[in-house]
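Below is one structure; the comments refer to it alone.
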Amino acid sequence: MNGFFINEKIWRYLTNFWTIILFIFLIFDFLNNNRYDFLIGPFVAIYLGVLGLFVSSKEFDRWHDYHKGKHPGEWYIVVWTILMISLFLLNIFYNKNYRLPSEIIASYIAVLGIFAITQKSKTFYKQKTQNISNETHY
């Protein structure tokens with residue numbers, strides 16, 4: 001088990017797994033008019049916890065020159081946005097009595113915030129490494 005949960009790939013796989021589970025559950029809950037919305041809180045808590053661990057480990061690795069891979073978070077934002085818009089539009093189009101749980105709206109905002117912070121961190125890291133690179137060439 002040496003380094004099993006330290007490995008960024010594990011957190012990426014867990015994040016992808018919980019993202020898919022959460023999205024499937026949201027669609028299922030939508031189709032059943034909030035019948036299972038009492039389970040959304042626990043799903044969201046697990047999802048955001050795993051996402052936070054993944055992003056933290058990735059940023060830690062980046063700042064310690066261990067992170068070399070490219071797994072853009074833009075795709076998470078795109079998929080989340082499509083899901084949110086779809087749920088809103090389908091609710092209006094089908095005139096359902098579905099209510100988008102506040103936990104999901106808060107999760108979407110949290111994912112947007114996490115993405116913004118990691119983008120800023122990536123920009124700062126690139127500036128730092130470029131400055132160091134420029135200093136060594138003089």
Between Phe43 and Glu103, is there a side-chain heavy-atom distance shorter than 4.5 Å? no
Heavy atoms of Ile40 and Ile104 approach each other most closely as CG2-CD1, 3.5 Å
For a 4.5 angstrom cut-off between non-hydrogen side-chain atoms, does Phe88 reach Asn91? no
Quick one: side-chain contact (heavy atoms from CB on, under 4.5 Å) partners of Ile82, sequence neighbours excluded? Val78, Ser86
hydrophobic_cluster_shared for Ile92 and Leu90, side chain cutoff 4.5 Å: no
Mind checking the CG-CD1 spacing from Leu53 to Ile10? Nearest 0.5 Å is all I need. 13.0 Å
Would you say that Arg35 contacts Phe28 through its side chain, given a criterion of any heavy-atom pair below 4.5 Å between the two side chains? no
Closest approach of Asn34 to Asp37 (non-hydrogen atoms, all atoms of both residues): O-OD1, 3.1 Å
Looking at residues at least two apart in the chain, or sitting in another chain, which of them share a side-chain contact (heavy atoms from CB on, under 4.5 Å) with Thr15? Thr19, Val50, Leu51, Phe54, Tyr76
Side-chain heavy-atom pair Asp29, Tyr98 within 4.5 angstrom cut-off: yes
Examine Ile20 and Ile114 and state if one hydrophobic cluster contains both, with Ile, Leu, Val, Met, Phe, Trp and Tyr joined whenever side-chain heavy atoms are less than 4.5 Å apart. no
Looking at Phe93, I want to see if its CZ is surrounded by more than 12 non-hydrogen atoms of other residues, nucleotides or ligands under 6.0 Å. no
One should read off an interatomic distance between Ile46 CD1 and Leu22 CG, to the nearest 0.5 angstrom, of 10.0 Å
Should Ile85 and Trp75 be regarded as members of a common hydrophobic cluster, given that ILVMFWY residues are connected when their side-chain heavy atoms come within less than 4.5 Å of each other, either directly or indirectly? no
Trp80 and Phe23 aromatic ring geometry - parallel, tilted or perpendicular at 30°/60° bounds: perpendicular
May I ask you to test the Val79-Leu83 pair for a side-chain heavy-atom distance under 4.5 Å? no
Please tell me whether Met84 and Leu89 are part of a single hydrophobic cluster in this structure, the criterion being side-chain heavy atoms less than 4.5 Å apart. no
Same apolar cluster (I L V M F W Y, side chains within < 4.5 Å links), Leu48/Ile21: yes
